[in-house]
Structure formats: structure tokens, C-alpha cells
K.L.:
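Quick one: the structure is below, and I'll ask about it shortly.
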Amino acid sequence: MGKSKKVILLGNFGVGKTSLVRQYVFHQFSEEYMTTIGVRIDKKVVTINRDEVSMIIWDIAGESTHQKIPDSYKLGAHGIIYVIDVLRPSTYKSIEDEMISLQELLPNAPIVKVANKIDLLTEKERVEIVNNLPLNDYVLCSAKNGENVEKAFYKLAGKLI
Amino acid sequence: MDKEKFEVLKDILFEDARKRNEELASKVNAIDEIISDREKLEPRIALILEDQVEFLEKNFPQLFGNAITASIRKQIKESQEEVVDALYPIMGKMVKKYIYRELALLSERIDRQLEKAFSWEGWVTRIKAWCGGVSEKEIIMKGLARPHLEEVFIIQQHTGLLIGSYSKNNTLDKDMIAGMLTAIKSFVKDAFRGGGQELETIEYENYKLVISNLRSFYVVLVFTGFMNAGFRSELDDMLVDFQKEVLEKYLANKEIFSKDQLTQLIKAQFDKLNDGEK
């Protein structure tokens with residue numbers, strides 16, 4: 001039995017947090033948009049170099065800033081996945097401030113930034129948008145076709161061991 | 001003369017057609033006879049009907065499921081009173097049966113208590129009642145209506161991670177239950193801004209979740225049945241013991257404690273609550 005780690009998913013509403021979890025845990029995607037109320041909990045066990053990590057994933061309802069989310073949902077988190085929508089600049093315009101305040105609240109929790117919905121971009125648009133994203137080290141992924149979804153969570157799991 | 005020749009010629013030319021007509025007429029008559037006579041018709045269509053019945057049996061839900069559901073829904077919506085009238089006797093019987101069963105159980109327990117009345121245990125109860133300043137009836141009733149412990153969860157505050165658990169029925173993933181319970185606790189705390197107050201109970205029909213908050217953990221005990229003040233007090237004492245005897249040891253030796261060991265300790269401690277039923 002491996003160690004259990006609390007992982008929280010943060011980001012604006014509609015960026016695809018729930019879809020990412022659904023794709024990652026159940027390998028499913030739905031076109032239907034249903035807003036998350038409060039929080040949803042899922043679990044996935046990942047094995048990295050023989051170490052087992054039980055990720056207890058808290059998919060928290062989206063807000064324009066994480067500061068609007070009650071701290072009690074975030075407290076004790078071992079890792080964070082911050083999701084943005086590549087097509088909506090409003091979801092990442094203040095990402096630098098978000099990262100700073102998250103690090104203040106959870107100084108030991110690694111953060112993986114995920115740029116979602118890349119399936120909606122052409123190759124050319126992809127390069128253009130990625131070059132204009134503030135900060136670096138994003139995992140570009142698509143909850144719809146599953147591209148890099150596993151990679152994003154695996155990257156965080158690696159930092160949790 | 002010409003007419004006769006014409007008739008002969010007609011006979012010759014239409015001989016085949018006439019024969020075919022006669023054959024067709026006799027076939028039609030035979031078919032008509034079969035169709036009109038049930039005994040003759042039955043063996044001929046029985047096999048086809050059997051196949052059809054089999055097909056319908058296999059595919060009934062797909063073929064008619066939606067239509068029937070819609071029709072029942074419509075029927076219930078349009079004639080609620082009739083539906084209630086129709087269901088009332090069935091529901092009434094079910095409720096009656098349930099109450100009867102519960103009363104039978106209660107009666108059995110009362111019988112057991114009466115048997116004990118003049119036993120050594122009976123005298124112990126009387127002495128307890130005299131010393132404790134409570135009536136003997138109250139002590140006996142406490143024993144009769146004891147709730148039943150179904151599950152125990154030991155959960156870390158904030159992270160919502162499950163430290164240990166004990167359950168009689170393996171239902172949902174316990175890690176997820178622990179997370180969700182923590183989220184509910186957090187939600188209540190934020191929604192009502194109750195300062196240092198904490199969520200202490202959740203009731204769900206016959207289930208009661210008793211939450212006991214410690215500094216870095218909280219314990220959730222899931223009960224079925226009626227819980228009175230006496231039992232609650234007994235439970236609080238047991239939780240204090242549990243904290244001292246198990247949790248503090250666990251905190252001091254986290255690394256060497258396995259989840260299974262902790263589960264055994266939880267089971268040993270809280271099984272005492274169910275043992276009290278006997």
C-alpha cells in the first residue's frame with residue numbers, strides 16, 4: 001500500500017478540470033458541460049519507479065481566482081494542478097499572481113500548470129499561443145482526446161514522491 | 001356453326017388457363033379452410049409464434065422499455081390519486097411488516113432482559129441504578145435500544161487522507177469517502193462561519209454519522225439505530241480512551257504502524273460497542 005497524497009485541481013470555471021480528471025481516472029470525455037458544485041473527489045493510484053502513490057484528487061469548483069475558494073479545501077494539499085484554457089486569455093491573465101499566492105498558502109506543494117483544450121488549435125495556432133503564454137513549463141494537453149493528460153498527472157506524482 | 005367452332009377454339013386456347021384457375025381456386029379453398037379452422041392453423045404457425053415470443057422476450061426492454069417507462073410516468077403524473085390508492089395497500093403492508101419485525105426483535109430483547117432480571121446481571125443493573133441515581137427502567141431501555149456500529153473512519157484533518165478504517169460492509173472506496181467527508185466538513189465550516197465550531201453529526205435516514213474532532217485527526221463513527229444520551233456519553237468516554245490508547249501510540253510510531261495494524265486496533269476498540277448489544 002503506497003502513500004496517499006491530496007492533489008487539488010484549480011483554475012477558472014470551464015477550463016476543463018473535471019474533464020481532465022474524468023479522462024485521467026475513467027478514460028472518458030463528455031461534450032456536455034456540467035459545472036462542478038463545491039468539490040468532487042476521485043482517486044488514482046500511480047506507480048513511479050516501484051513507488052506507489054495514491055492520488056486523492058480534489059476537483060474544486062472553478063473560480064476566477066483561487067482566493068475565492070475556501071482555504072479549507074486547499075489546506076493540506078500535497079500537490080496542485082493549475083488548469084488554464086488556451087483559448088481564453090482571461091483564464092491565465094493573472095496566473096503569475098495566482099502562483100505567488102498559492103506558494104504562500106502551500107509552500108511545500110509542487111504546482112503543475114496545464115494548458116487544456118489544445119485539440120481546438122491548429123499546429124500554427126498552437127505555436128503562436130504557447131509563445132504568448134505567461135510563465136513557462138506548461139503541459140499542453142487535451143481532456144477531449146487524452147493527449148498528455150496522463151503526463152500531467154504523472155509529472156505531479158513524480159514530484160510528490 | 002362459327003359460334004361452335006369459336007367455342008371449341010376458345011376451349012383449346014384457354015384450357016391451360018382454366019386448369020390453373022381451378023388449381024388456384026382449390027388452393028385458395030384449402031388455405032381458407034386452414035385459416036378458418038383453428039385446429040389446422042395452430043400447428044402451422046406455432047413455430048413462427050414461438051420464435052416471435054422468444055425474440056420479444058429477449059428484446060422486450062429495448063423494444064418497449066422507453067415507451068412503457070414514458071407511459072407509466074405519464075399515468076402516474078396524470079392520476080396521482082389512483083396511483084396512491086393502488087400503492088397504499090402494498091406500502092401499508094410493507095410498513096406493517098417492518099414494524100412487526102422490529103417489534104418482534106424488541107420483544108425478544110425484552111424477554112432476554114426479563115430472563116436476566118433475577119440473575120446476577122439483574123442485581124448488577126439494580127445496584128448500578130441505585131448508585132448512579134437513574135432508574136432501573138432507564139438502564140434496561142438503554143440496553144434494548146442500542147445503536148449498531150457499522151463503520152469507523154480515522155481521517156487526517158485538512159488533507160482528508162484516511163489514516164485507518166474499519167467497516168463491516170465493503171462499499172465505496174474508503175479514501176474517497178474520507179475526502180468527501182472532509183470536504184463536507186470544510187463546506188459547513190465555511191458556509192456558516194461558526195468560528196471554532198465543527199460539524200458533529202450527519203443523519204441519513206437510518207444512519208447516523210458521529211464526528212469526533214481531535215487536534216490533527218477526526219473520527220467518524222457510522223451507526224444505525226436509535227442513539228440516546230446515555231449511549232452518546234458512553235461513546236464519548238470510549239473516544240477519549242481510543243485517543244489515549246491508540247491514536248497517541250500511532251502518532252508516536254507512525255512509521256512502524258501499518259494500516260492493517262491500525263485497522264485491527266480500531267476493530268478491537270470499537271467492537272466493544274457492538275458487544276454491549278448482546
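Atoms considered below: every heavy atom in the structure, side chains included; atoms not considered: hydrogens, waters and symmetry mates. Chain identifiers are assigned alphabetically (A, B, ...) following the order of the sequence lines, protein sequences preceding nucleic acid strands; residue numbering begins at 1 within each chain.
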K.L.:
If you measure from CG on B:D173 to OG on A:S54, what distance do you get to the nearest 0.5 Å?
P.N.:
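B:D173 atom CG to A:S54 atom OG measures 7.5 Å (nearest 0.5 Å).
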K.L.:
For B:F217, look at atom CZ and say whether over 12 heavy atoms of other residues, nucleotides or ligands are found less than 6.0 Å away.
P.N.:
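For B:F217, atom CZ is crowded (more than 12 foreign heavy atoms under 6.0 Å).
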K.L.:
Nearest 0.5 Å, please: how far is CD1 in B:I184 from CD1 in A:I41?
P.N.:
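Atom-to-atom, A:I41:CD1 and B:I184:CD1 are 9.0 Å apart.
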K.L.:
Taking the side chain as everything from C-beta on, heavy atoms only, tell me whether A:H78 gets closer than 4.5 Å to B:L161.
P.N.:
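They are in contact (side-chain heavy atoms under 4.5 Å apart), so the answer is yes.
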K.L.:
Decide yes or no for B:M176 and A:I56: does some side-chain heavy atom of the first lie under 4.5 Å from some side-chain heavy atom of the second?
P.N.:
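SC-SC contact between B:M176 and A:I56 ruled out.
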K.L.:
Drop me the distance from B:I177's CD1 to A:K43's NZ, to the nearest 0.5 angstrom.
P.N.:
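Nearest 0.5 Å value for the CD1-NZ distance: 10.5 Å.
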K.L.:
For atom CD of B:Q261, is the number of surrounding heavy atoms from other residues, nucleotides or ligands below 6.0 Å larger than 12?
P.N.:
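More than 12 heavy atoms, drawn from other residues, nucleotides or ligands, come within 6.0 Å of this atom.
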K.L.:
I'd like to know whether NZ of A:K159 has more than 12 heavy-atom contacts from other residues, nucleotides or ligands below 6.0 angstrom.
P.N.:
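Correct, the count exceeds 12.
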K.L.:
Is A:K5 close to B:T159 at the side-chain level, that is, under 4.5 Å between some pair of heavy atoms?
P.N.:
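The answer is no, as the side chains (C-beta and beyond) never meet within the 4.5 Å cut-off.
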K.L.:
Looking at chain B, which one of A:P70, A:G38, A:A77, A:S72 has the largest number of heavy-atom pairs inside 4.5 Å, strictly under?
P.N.:
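Of A:P70, A:G38, A:A77, A:S72, A:S72 has the most heavy-atom pairs under 4.5 Å with chain B.
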K.L.:
In Å and rounded to the nearest 0.5 Å, what is the NE2 to OH distance from B:H158 to A:Y73?
P.N.:
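Reported value, rounded in 0.5 Å steps: 14.5 Å.
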